[in-house]
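Any value given below was found using the heavy atoms of this structure, including those in side chains, with hydrogens, waters and symmetry copies removed. Positions are given from 1, in the same order as the sequence printed here.
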Amino acid sequence: AENQDGLYFASATGCRRSSITTATANDAIRNEQGKIYAFHFCEKGGRERVSLVLPSEQAHLTMWVDSKLKGGHSPDAPLIP
């Protein structure tokens with residue numbers, strides 16, 4: 001299941017492999033409606049990068065992240081261990 005979550009997250013955000021295991025709920029950037037439309041990453045060498053979420057995946061990714069948080073997942077913990 002974790003591999004599928006990682007593949008889904010990578011395809012929805014276009015993030016780099018190294019960012020998959022470091023992304024947290026706190027990295028999510030939400031719009032006025034609370035929908036996640038991007039993730040902010042700090043990558044190798046301290047470079048910052050914003051990965052936009054595919055518009056077709058925004059609602060599903062938002063529900064996925066929110067369900068993890070409602071299940072007791074810490075906002076600072078990686079979404080995919």
Side-chain angles (χ1 to χ4, degrees):
E2 286 177 17
N3 281 346
Q4 283 186 325
D5 286 347
L7 288 172
Y8 169 71
F9 187 81
S11 67
T13 62
C15 73
R16 296 185 169 125
R17 277 185 295 178
S18 61
S19 299
I20 293 172
T21 56
T22 61
T24 68
N26 284 340
D27 295 326
I29 303 171
R30 295 177 183 255
N31 63 18
E32 307 83 43
Q33 294 81 29
K35 196 178 288 185
I36 297 172
Y37 70 92
F39 272 84
H40 175 262
F41 298 106
C42 193
E43 296 184 335
K44 64 181 181 181
R47 297 175 90 187
E48 294 188 29
R49 181 170 184 260
V50 173
S51 288
L52 297 177
V53 177
L54 291 172
S56 61
E57 296 300 327
Q58 290 176 358
H60 185 265
L61 189 67
T62 299
M63 288 190 315
W64 181 74
V65 171
D66 290 347
S67 70
K68 283 187 157 285
L69 293 173
K70 286 178 187 166
H73 193 86
S74 169
D76 293 323
L79 291 167
I80 301 164

Mind checking whether Phe9 and Phe39 have parallel, tilted or perpendicular rings, split at 30° and 60°?
-> perpendicular
Could you list the residues that satisfy side chain to side chain contact (heavy atoms under 4.5 Å, CB included) with Pro75, not counting sequence neighbours?
-> Ala25, Asn26, Leu69
Can you name the closest pair of heavy atoms from Ile36 and Ala28 and give their distance?
-> CD1-CB, 3.8 Å
Provide the closest heavy-atom pair for Val50 versus His40 in the form atom of the first, atom of the second, distance.
-> CG2-CD2, 4.0 Å
Might you point out which heavy atoms bring Val53 and Ala38 nearest each other, and give the distance in Å?
-> CG2-N, 3.8 Å
Co-membership, hydrophobic cluster, residues Ile29 and Leu52, 4.5 Å side-chain = yes
Step through the shown structure and confirm whether more than 12 heavy atoms of other residues, nucleotides or ligands are within 6.0 Å of NZ on Lys35.
-> no
Heavy-atom nearest pair, Glu43 first then Ser19, reads OE2-OG, 2.9 Å
Identify the heavy atoms of Arg30 and Val65 that sit nearest to each other, and give their distance.
-> NH2-CG1, 4.1 Å
Does some side-chain heavy atom of Arg16 sit less than 4.5 Å from a side-chain heavy atom of Phe41?
-> no
Which distance, rounded to the nearest 0.5 Å, do you find between the CG of Leu79 and the CG of Asp5?
-> 9.5 Å
Minimum heavy-atom distance Ala12-Glu57, with the two atoms named = CB-CB, 3.9 Å
Rounded to the nearest 0.5 Å, how far apart are OG1 of Thr13 and CZ of Arg49?
-> 8.0 Å
Mind checking what makes side chain to side chain contact (heavy atoms under 4.5 Å, CB included) contact with Ser74, not counting sequence neighbours?
-> Asp76, Ala77
